[in-house]
Trainee: 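This structure is in structure tokens; I'll ask about it shortly.
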4 protein chains.
Amino acid sequence: MPESTGADHDGQGAERRRGAGRPRSQSAHRAVLEAAYAILEEGGIEHFSIDRVGRRSGVARTTIYRWWPSKAALAIESFFNQFEPQVAGPRSGVPDDDFRALVRSLVAALAGPAGRVAASVVAHAQGDKETQRRFRENFSDPLRKQSTEILESGIARGTFRPDLDIARVIDAFVGAVYFRLLIGSTLDRDWADALSTTVLDGCRRAG
Amino acid sequence: MPESTGADHDGQGAERRRGAGRPRSQSAHRAVLEAAYAILEEGGIEHFSIDRVGRRSGVARTTIYRWWPSKAALAIESFFNQFEPQVAGPRSGVPDDDFRALVRSLVAALAGPAGRVAASVVAHAQGDKETQRRFRENFSDPLRKQSTEILESGIARGTFRPDLDIARVIDAFVGAVYFRLLIGSTLDRDWADALSTTVLDGCRRAG
Amino acid sequence: MPESTGADHDGQGAERRRGAGRPRSQSAHRAVLEAAYAILEEGGIEHFSIDRVGRRSGVARTTIYRWWPSKAALAIESFFNQFEPQVAGPRSGVPDDDFRALVRSLVAALAGPAGRVAASVVAHAQGDKETQRRFRENFSDPLRKQSTEILESGIARGTFRPDLDIARVIDAFVGAVYFRLLIGSTLDRDWADALSTTVLDGCRRAG
Amino acid sequence: MPESTGADHDGQGAERRRGAGRPRSQSAHRAVLEAAYAILEEGGIEHFSIDRVGRRSGVARTTIYRWWPSKAALAIESFFNQFEPQVAGPRSGVPDDDFRALVRSLVAALAGPAGRVAASVVAHAQGDKETQRRFRENFSDPLRKQSTEILESGIARGTFRPDLDIARVIDAFVGAVYFRLLIGSTLDRDWADALSTTVLDGCRRAG
DNA sequence: AGATAACCGAGACGGTACGTCATGTCTTTAC
DNA sequence: GTAAAGACATGACGTACCGTCTCGGTTATCT
């Protein structure tokens with residue numbers, strides 16, 4: 001039994017020991033994740049249920065429970081299965097531009113249906129330490145890492161103030177995006193740029 | 001997903017027509033809201049159910065359904081019934097200090113049990129326009145109003161840059177606080193102050 | 001909530017208090033018992049399940065659980081609902097004839113489909129004190145009462161020995177019938193008569 | 001309902017072919033039967049399951065299924081594996097005494113834990129012809145054989161009536177014991193003796 | 001005073017979903 | 001060929017809530 005949320009069911013990690021026993025059905029696994037994501041996208045976590053995923057995917061409920069310990073675990077896994085490889089991209093080397101691009105891509109990623117799903121998922125992670133961890137690892141941390149790189153390179157170049165509190169800057173712009181998503185306000189490019197401008201103003205060398 | 005959340009059923013607003021018929025039981029109404037909030041505080045919206053509220057308050061489930069159209073409606077109503085008159089306070093007149101105090105009081109308000117409830121409630125407002133409206137009116141708007149006053153007075157005094165995008169500044173710090181709450185990170189005074197510093201840095205007159 | 005197995009849900013007992021609340025649906029109640037008995041008759045208790053009863057009767061599973069605490073309780077109730085008014089009949093006054101008639105009617109009652117159901121039900125009552133009580137009250141006790149009357153009248157008339165151990169006689173013939181039923185041997189009139197003869201031989205005045 | 005119960009898989013019968021392939025594990029076989037009986041004794045057939053037997057014996061479920069076609073088959077096999085060599089004993093030659101001793105030993109055998117298991121097993125043999133056959137062969141027939149010998153010797157000696165319907169007498173006392181077992185009443189020596197007395201009264205020469 | 005409203009409580013009803021357990025089948029590796 | 005391991009579809013278990021629906025009683029105001 002997988003320890004908590006995840007189920008690593010990777011395979012890409014080379015030699016998985018492959019002991020005796022009927023091998024896990026990859027198709028069933030995929031079908032579950034796809035059905036789960038589809039349901040999430042259509043009705044949010046509100047209408048998400050293991051029962052429904054089972055019916056839709058054609059996979060027995062018990063099989064689902066074998067691999068995902070709870071409804072939340074499945075929801076978050078199916079979400080990150082789709083969302084993971086989103087916010088990234090080439091760097092220009094100009095800190096301001098790179099930051100702006102990062103904010104834009106984050107906003108773009110969350111503006112679509114995936115945004116509603118993300119909001120739904122995090123929202124329901126209240127008190128579920130495991131889900132929060134997963135969210136941090138798969139969403140927050142990569143985002144923080146990229147932002148940090150950009151901001152640090154800005155400091156190195158002398159564009160940004162040397163005493164910049166990078167962690168707080170990230171808190172500010174990520175929080176702004178996410179809160180707006182939750183609150184149901186529109187997320188578009190103009191807003192993203194305005195936010196970038198405001199945040200970047202605080203990053204520059206003090207006169 | 002329920003959309004009409006509210007139920008105005010107040011009565012304090014003067015002339016409520018007051019036709020024939022048994023008048024609404026104020027005690028039952030109060031008992032429901034109190035029980036609802038208590039449940040919310042103890043177990044979050046996860047363990048919140050009309051059944052439970054009914055049992056705890058001693059009010060029949062049907063009576064609850066008569067006045068609140070859904071679980072979400074009751075949850076949010078019971079929340080704002082307690083939370084409304086929170087973030088406020090006297091002003092010193094020094095923009096930096098006032099801003100810092102505002103952030104501190106917001107963080108303090110959300111750090112306690114009420115914070116978990118707030119997170120819970122907003123979280124579950126996904127897609128429920130009515131709840132989002134209520135949240136904006138009772139929580140966001142007052143906060144924005146106070147923040148705006150402080151920031152504008154700072155601009156007037158020349159402490160803050162004249163071209164400050166006030167709305168974005170507010171987005172940033174409120175979002176930061178709320179996101180941190182959602183994500184389960186600690187909310188304390190130090191963090192509040194660090195955030196204030198970072199935000200205020202962006203507000204000052206450019207060199 | 002009904003204490004254990006039964007649920008008296010009678011109604012014939014005059015005034016049933018009739019407190020507040022939606023009145024119980026007699027039709028649902030009847031549908032459940034009928035469906036339950038039909039399933040019992042078709043496949044024995046082996047294929048009996050609350051799920052199935054629910055589907056067949058068109059009554060929600062939860063409603064069934066409201067009234068019957070377990071599968072066994074429902075099974076036995078539905079059985080006695082049909083079987084109760086069976087073994088009885090007028091007396092001739094001649095003890096031998098009456099006894100013979102009683103055995104015949106018992107055998108006849110258990111030879112049909114009801115017999116298989118009875119066997120099934122008692123069989124599965126292993127360890128279930130409540131079911132055993134019900135079975136004793138609704139099946140064994142009435143049978144014992146009638147047998148006792150017949151045997152006592154035979155003693156009074158001088159046909160049967162005065163020191164007859166009535167309880168053991170009843171144990172013997174009832175057990176014989178039931179065991180034969182369980183073991184899958186044929187139950188017919190000839191066997192019933194042969195059994196009666198053997199038992200009656202032991203009842204007569206000693207030479 | 002399963003019909004083929006047996007599975008001959010013994011092997012002690014001489015030449016078992018012994019072709020290619022991994023030889024059958026005697027230890028696994030024994031472990032299964034022992035675990036099965038232990039479970040039967042502890043919780044009756046109610047708590048008996050292939051799953052549990054597998055876990056307890058450390059034998060794979062699939063292996064069990066290879067050798068026993070169903071839960072009932074395994075239950076009855078494990079039961080008779082223990083119970084078979086029970087009711088027997090030396091004869092005194094005095095028919096009354098021998099009969100009394102037989103009844104006592106039958107009651108004693110069924111009064112202990114084995115009795116509950118026996119009841120459980122037969123009970124669940126409803127409709128399973130194969131199990132009924134096994135039960136008859138291993139339990140009823142030996143008992144009938146011994147009883148018949150005793151009763152016939154009694155007839156030969158002139159103690160018992162010559163027209164005694166032996167089969168019915170056996171039906172009566174065996175049935176009485178078994179029914180009492182099923183019904184959950186106490187089985188003890190006094191009751192056994194009272195039953196013997198009553199039955200023997202019917203066996204004596206008519207005055 | 002009596003009718004008429006609107007309310008409250010109790011409780012039953014058909015449902016959906018939960019998470020667990022057992023069934024019997026199938027598929028793979030290891031002896 | 002047999003054993004062990006384990007995945008699978010199926011289906012039942014008993015529980016918690018959902019939202020709806022009757023009922024019997026209880027206050028009020030409006031004739």
Side-chain angles (χ1 to χ4, degrees), chain A residues 1 17-25 27-29 47-55 58-67 69-71, chain B residues 2 18-25 27-29 47-55 58-67 69-71, chain C residues 1 17-25 27-29 47-55 58-71, chain D residues 2 17-25 27-29 47-55 58-67 69-71:
Chain A
M1 207 169 295
R17 258 301 277 110
R18 200 65 190 80
R22 174 172 176 174
R24 173 147 179 206
S25 161
S27 67
H29 187 233
H47 297 86
F48 182 88
S49 79
I50 300 272
D51 259 41
R52 210 193 272 268
V53 173
R55 279 197 303 269
V59 172
R61 248 189 20 263
T62 37
T63 299
I64 301 178
Y65 278 113
R66 208 192 321 280
W67 301 113
S70 71
K71 151 182 178 151
Chain B
R18 197 68 184 78
R22 174 175 180 172
R24 171 149 181 207
S25 160
S27 68
H29 188 232
H47 300 90
F48 183 88
S49 79
I50 300 273
D51 255 43
R52 216 193 269 271
V53 173
R55 280 197 301 270
V59 172
R61 254 190 16 263
T62 24
T63 300
I64 301 178
Y65 277 112
R66 204 186 328 271
W67 301 111
S70 73
K71 157 178 171 154
Chain C
M1 207 169 295
R17 258 301 278 111
R18 198 61 192 81
R22 175 171 174 173
R24 175 152 180 201
S25 160
S27 67
H29 187 233
H47 297 85
F48 182 89
S49 81
I50 300 270
D51 261 39
R52 209 194 272 270
V53 174
R55 281 197 301 270
V59 171
R61 228 148 40 83
T62 38
T63 299
I64 301 179
Y65 277 113
R66 209 191 322 278
W67 300 112
W68 292 276
S70 72
K71 148 182 179 152
Chain D
R17 265 293 280 105
R18 198 68 187 77
R22 174 172 177 173
R24 170 141 182 217
S25 161
S27 67
H29 189 232
H47 300 91
F48 183 89
S49 80
I50 301 273
D51 253 44
R52 214 194 271 270
V53 173
R55 280 197 302 270
V59 172
R61 231 148 37 86
T62 23
T63 302
I64 300 178
Y65 277 113
R66 203 193 318 280
W67 300 112
S70 73
K71 156 180 173 152

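In what follows, chains carry the letters A, B, and so on, assigned in the order in which the sequence lines appear, proteins first and then strands, with residues in each chain numbered from 1.
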Trainee: Expressed in angstrom and rounded to an integer, what is the separation of B:H29 atom NE2 from E:dC7 atom P?
Mentor: 13 Å
Trainee: Round to a whole Å and report the spacing from CZ of A:R22 to P of E:dT28.
Mentor: 8 Å
Trainee: When you get a sec, tell me which of E:dC8, E:dT28, F:dC17 is the closest nucleotide to the side chain of B:R55?
Mentor: F:dC17
Trainee: The side chain of A:V59 lies closest to which of these nucleotides: E:dT25, F:dA9, E:dC18?
Mentor: F:dA9
Trainee: Report yes if at least one side-chain N or O of B:W67 is closer than 4.0 Å to OP1 or OP2 of E:dC7; otherwise report no.
Mentor: no
Trainee: Return the 5'-most residue of the pair D:S49, C:A60 with respect to DNA chain E, ranking by each residue's nearest nucleotide.
Mentor: C:A60
Trainee: Once hydrogens and angles are ignored, does a donor-acceptor distance under 3.5 Å link the base of F:dA5 to the side chain of D:T62?
Mentor: yes
Trainee: For the side chain of D:R52 and the backbone of D:H47, is there at least one donor-acceptor N/O pair under 3.5 Å apart?
Mentor: yes
Trainee: Please tell me which of A:A28 and B:I50 maps to the more 5' nucleotide of DNA chain F, matching each residue to the nucleotide holding its nearest heavy atom.
Mentor: A:A28
Trainee: To the nearest Å, give me how far apart CH2 (C:W68) and P (E:dA12) are.
Mentor: 13 Å
Trainee: May I ask you to evaluate whether B:T63 reaches the phosphate of E:dG9, defined as a side-chain N or O under 4.0 Å from OP1 or OP2?
Mentor: yes
Trainee: Would you mind reading off the distance between C:H47 atom NE2 and F:dC13 atom P, rounded to a whole angstrom?
Mentor: 13 Å
Trainee: Rounded to whole angstrom units, what separation is found between the CZ atom of D:R52 and the C1' atom of E:dT20?
Mentor: 13 Å
Trainee: For A:K71 and for B:S25, locate the closest nucleotide of DNA chain E by heavy-atom distance; then report the residue assigned to the nucleotide nearer the 5' terminus.
Mentor: B:S25
Trainee: Looking only at heavy atoms, what is the nearest atom pair of A:K71 and A:F48, with distance?
Mentor: NZ-O, 3.1 Å
Trainee: Between E:dC26 atom C1' and A:R66 atom CZ, what is the distance in whole Å?
Mentor: 13 Å
Trainee: When you get a sec, tell me which of E:dT20, E:dG14, F:dC8 is the closest nucleotide to the side chain of A:Y65?
Mentor: E:dT20
Trainee: Select one nucleotide: of E:dC13, F:dC18, F:dA7, the one nearest the side-chain heavy atoms of A:R24.
Mentor: F:dA7
Trainee: Please classify the nucleic acid contact of C:R61 as base, sugar-phosphate, or nothing, using heavy-atom distances under 4.0 Å.
Mentor: base
Trainee: Report the distance from atom CG of C:D51 to atom P of E:dA22, rounded to the nearest whole Å.
Mentor: 17 Å
